[in-house]
Protein chains: 2
Amino acid sequence: MASPLEKARQDPNSMKARILAAARMIFGQYGYNDTTTRMIAKEVGIDISTLYYHWGEKQDLYEAVLADVGDEIQQELNEIERHVSGQSMVRRLETALDMMCDYLFSHPEVPNLILFGYFNKTQHGVTLDIKMTEHIANIAVAMDLAKNKKKVTIQAKARILAVWNTVLNFISGESFFRPMLETDREHYIQVVKETLKFILVPAFTAEK
Amino acid sequence: MASPLEKARQDPNSMKARILAAARMIFGQYGYNDTTTRMIAKEVGIDISTLYYHWGEKQDLYEAVLADVGDEIQQELNEIERHVSGQSMVRRLETALDMMCDYLFSHPEVPNLILFGYFNKTQHGVTLDIKMTEHIANIAVAMDLAKNKKKVTIQAKARILAVWNTVLNFISGESFFRPMLETDREHYIQVVKETLKFILVPAFTAEK
DNA sequence: AATTGTTTCCATCAACTGATGGAGAAACAT
DNA sequence: ATGTTTCTCCATCAGTTGATGGAAACAATT
């Protein structure tokens, strides 16, 4: 039994998939409440009711978008973990930050959707789960902040959250920060990477 | 000639001031588009048209809220600067972080309004200015990241932004992060302060 | 008491929102 | 051709939104 989401993934040209892609972009840009079903339909070039035929309620479509993004993040985190395993702490951190930046900068709707979930006191109750708690436990072990996935201290969790957020902010806030730094996109990405390393590496490599 | 905002500040019990206070709370909680004029009016206990009589368009009221918050932040930054001047870098950083946390945790609508300005691609075009560029230059000098207010490198600016964002996130995301850390408010504040110091102090005090 | 200016509420507007029903197209198999 | 399924659109609905006009209540001064 294929879920609507899986079905959409099978054929990227299907109407379901095209709507999902457009919804992901627009929800990521404007958030749930500022996105109208008409905006999405217009982006795809179809009538509203066609959209409703394929995805039902707006909230269902939004949940599909979040599930889609959630899976993608999980996949990306796994790939990063595979890539950096066995290296020194400094190298691990730097590589992980680089890879995460590359991924997020090329999918800017992802950090937006995550941050919308954090901060918007949406009454609609839909949140991006991503099994945050689970991921944090994994990262904690990978960063030597915990020996056991089941025994992650609150301090370790908070530190990982801080790292995660710092990365997300620079990508989601680009349209605000980049004019402030008066630079172009390419250079901005480079500066962000440098800054992240400057801030984060010393904290996790300095001996106490 | 007193502006509406100044007028409202003179008498905190005036209708203008009561509306402004309620608007600040609700705009901070739901953002511009998810806040209706009816919500604000209901919070104050008045009719919508009473609100329109005092503040005109919704956008004007929002701008007044942002101006109010902007002034408060400026004031707070000045006070911090006065408090920490002359101390060692480590002490300066720690004190500044503590003070900023105390202020923001007791005014949670402030970081919300700032972050809404960053990330929401609102079409309404109203943004919280706060003379960010100017403040950043001041902080850069205070943190020995620049010698001259006029010559702040892009790297220094980016680092200050990173610090600033990290702080804001923990406060605005409390409702999301605190359940994840499974702790109460008081302890959460303490953990946030510790985490901020853990991450930020080494980066700015380690010798290169 | 009369005048004046301020403050409040009720009723209402046009625009937009999420959502639906029904009428056709198009593709396909029978 | 016939029927079936999938898909698409037009027209429309009820509810909400930002916003306004007019009438009444209120306060202060003359």
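In what follows, every chain begins at residue 1, and chains take the letters A, B, ... in the order their sequences are listed. Small disclaimer: the values here were computed from a predicted structure and weren't measured.
- Going from atom NZ of B/K16 over to atom P of C/dT6 covers 11 Å, rounded to whole Å.
- Atom P of nucleotide C/dT17 and atom OH of A/Y62 are separated by 18 Å, given to the nearest angstrom.
- Geometric assessment of A/R159 against the ring of B/F198 yields a positive cation-pi assignment under the 6.0 Å and 45° thresholds.
- Between the side chains of A/E194 and A/Q190, at least one donor N or O lies within less than 3.5 Å of an accepting N or O.
- In this structure, A/W55 atom CH2 and C/dA19 atom P are separated by 15 Å, rounded to whole Å.
- Aromatic ring centres of B/F177 and A/Y118: separated by under 6.0 Å.
- Residue order along DNA chain C, read from the 5' end via each residue's closest nucleotide, puts A/T37 first among A/S49 and A/T37.
- At whole-Å resolution of the value, CE in A/M15 and C1' in C/dA26 are 13 Å apart.
- Between B/V44 and B/A22, the shortest heavy-atom distance links the atoms CG2-CB, 3.5 Å.
- Looking at B/K58, its side chain does come within 3.5 Å of a backbone N or O of B/T35 through a donor-acceptor pair.
- With a cutoff of under 4.0 Å to any heavy atom of chain A, the contacted region of DNA chain D is bounded 5' to 3' by D/dT6 to D/dC10.
- Judged purely by distance below 3.5 Å, without hydrogens or angles, the side chains of A/Y103 and A/E72 pair a donor atom with an acceptor atom.
- A sub-4.0 Å separation between OP1 or OP2 of C/dT6 and a side-chain N or O of B/H54 is absent.
- The interatomic distance linking B/I46 (CD1) with C/dC10 (C1') rounds to 15 Å, in whole Å.
- Protein atom CD1 of A/I40 is 11 Å distant from nucleotide atom P of C/dA19, rounded to whole Å.
- Relative orientation of the B/Y32 and B/F27 rings is parallel, given thresholds of 30° and 60° on the angle between their planes.
- For B/T36 and A/G45, each mapped to the nucleotide of DNA chain D holding its nearest heavy atom, the one lying further toward the 5' end belongs to A/G45.
- To the nearest angstrom, P of C/dT7 lies 4 Å from OH of B/Y53.
- Here the side chain of A/R38 is nearest to one of C/dC9, C/dT17, C/dT7, namely C/dT17.
- We find that OH of A/Y52 is positioned 5 Å from C1' of C/dA19, with the value rounded to whole Å.
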